Amino acid sequence: LQTKDLDINALSFEDRENCYNALDCMITFEVFKKISEKREEVSFAYDMVRTMQAPALTLMQRGVKIDMVQRTFLIHTFSRRRERLYDILYRLCVEGLGIESYYDKKHDKHFGINPASPKQLAQLFYEVLKFPEIKSYNKLTKEYSVSTDRKALEKLEKEWLAKPFCRVILAIRDLDKKIQVLQKGIR
């Protein structure tokens, strides 16, 4: 197809469409030839991306198949384990340390401490058990504050008196995360 002397307006509609498609294919082919010369330098990465396109597209369109019976079973199993751990924590706090329990209307149950409450955990470890405060730097407030995050609990776990509390609290948090992922999915 010689485009040098071609008058597009003189062509019929069908011939214009064919001319456009032919030029589109040729330009794409010319670009491919230029890129393929450079592709030899990074052929492994290019080939890897091309081979992963089909499975990635399939997953994007269909998702991952989930066994709903197994999912329900795991949620139930993890929930039972979590309840058992809550009972152990209750006994450690109320019967072991004499901490006054509180009633949670949402769960219709008495609890020793809430393992998700930084304030209650700080009271337990730093006031009741009298461990030295572990502080972490808060980037938002630009101040150091008392910490009861995972890192702090793992440090406290080295103390023999704190070990059972830390292990139970960390196990409850881990089970909470697993249950949440099974119920809501990964976002």
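Bear in mind that the values here come from a model prediction, so they are computed numbers and not experimental data.
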Using the side chain to side chain contact (heavy atoms under 4.5 Å, CB included) rule, take Glu100 and Val94 through it: C-alpha gap first, then chi angles, then the decisive distance, then the call. CA-CA 6 Å; Glu100 191 174 321; Val94 175; over 6 Å; no

Using modelled atom types and a 3.5 Å cut-off, is there a donor and acceptor pairing between side-chain atoms of Arg71 and backbone atoms of Gln183? yes

Interatomic distance, CD1@Ile99 vs CD@Gln120, rounded to 0.5 Å, equals 9.0 Å

Connected via hydrophobic side-chain network under 4.5 Å: Leu124 and Tyr90: no

Sidechain-backbone polar pair: Arg81 side chain, Leu175 backbone, donor-acceptor under 3.5 Å: no

Would a 4.5 Å heavy-atom cut-off, applied to side chains only, mark Val168 and Pro164 as touching? no

In the structure I gave you, are the side-chain heavy atoms of Leu170 and Glu157 within less than 4.5 Å of one another anywhere? yes

Would you indicate whether Phe29, at its atom CZ, is surrounded by more than 12 heavy atoms from other residues, nucleotides or ligands within a distance under 6.0 Å? no

Of all the heavy-atom pairs spanning Cys93 and Gly112, show the shortest one and how long it is. CB-CA, 4.2 Å

Look up atom CD1 in Ile179 and atom OG in Ser79, then write down how far apart they are to the nearest 0.5 Å. 3.5 Å

Going from SG on Cys166 to CD on Glu159, what distance comes out if it is rounded to the nearest 0.5 angstrom? 9.5 Å

Once you measure the plane-to-plane angle for Phe165 and Phe125, does it fall in the parallel (<30°), tilted (30-60°) or perpendicular (>60°) bin? perpendicular

Are more than 12 heavy atoms from other residues, nucleotides or ligands located less than 6.0 Å from atom CZ of Arg84? no

Distance-only, no hydrogens or angles: does the Glu133 side chain make a donor-acceptor pair with backbone N or O of Val146 under 3.5 Å? no

Under 3.5 Å donor-acceptor, Thr51 side chain and Met48 backbone: yes

Pairwise distance CG(Asp24) to OG1(Thr28) - rounded to 0.5 angstrom: 4.5 Å

Can you find a pair of side-chain heavy atoms, one from Asn138 and one from Lys142, that are under 4.5 Å apart? no

Can Phe131 be reached from Trp160 by stepping across I, L, V, M, F, W or Y side chains whose heavy atoms are under 4.5 Å apart? yes

Going by the rule salt bridge (Lys or Arg N to Asp or Glu O under 4.0 Å), which residues pair with Arg82 if we only count those two or more places apart in sequence or in a different chain? Asp176

Ignoring hydrogens and geometry, is there a side-chain-to-backbone donor-acceptor pair from Arg173 to Pro115 under 3.5 Å? yes

Kindly indicate whether a cation-pi arrangement holds for Lys135 with Tyr144, taking the cut-offs as under 6.0 Å to the six-membered ring centre and within 45° of the axis. no

Quick one: list whatever passes salt bridge (Lys or Arg N to Asp or Glu O under 4.0 Å) with Asp15, sequence neighbours left out. none

Could you state whether Leu92 and Val128 fall into the same hydrophobic cluster, counting links through intermediate Ile, Leu, Val, Met, Phe, Trp or Tyr residues with side-chain heavy atoms under 4.5 angstrom apart? yes

Give the intermediate values and the outcome of side chain to side chain contact (heavy atoms under 4.5 Å, CB included) for residues Thr148 and Tyr126. CA-CA 10 Å; Thr148 57; Tyr126 306 128; 4.2 Å; yes

Between the CG atom in Leu11 and the CG atom in Asn18, the distance rounded to the nearest 0.5 Å is 9.5 Å

Among all residues two or more places apart in sequence or in another chain, which pass the salt bridge (Lys or Arg N to Asp or Glu O under 4.0 Å) test with Arg150? Glu154, Asp174

Less than 4.5 Å apart, side chain to side chain, heavy atoms only: is that true for Leu129 and Leu156? no

Say you draw a straight line from CG of Leu89 to CD1 of Ile169; how long is it, rounded to the nearest 0.5 Å? 5.5 Å

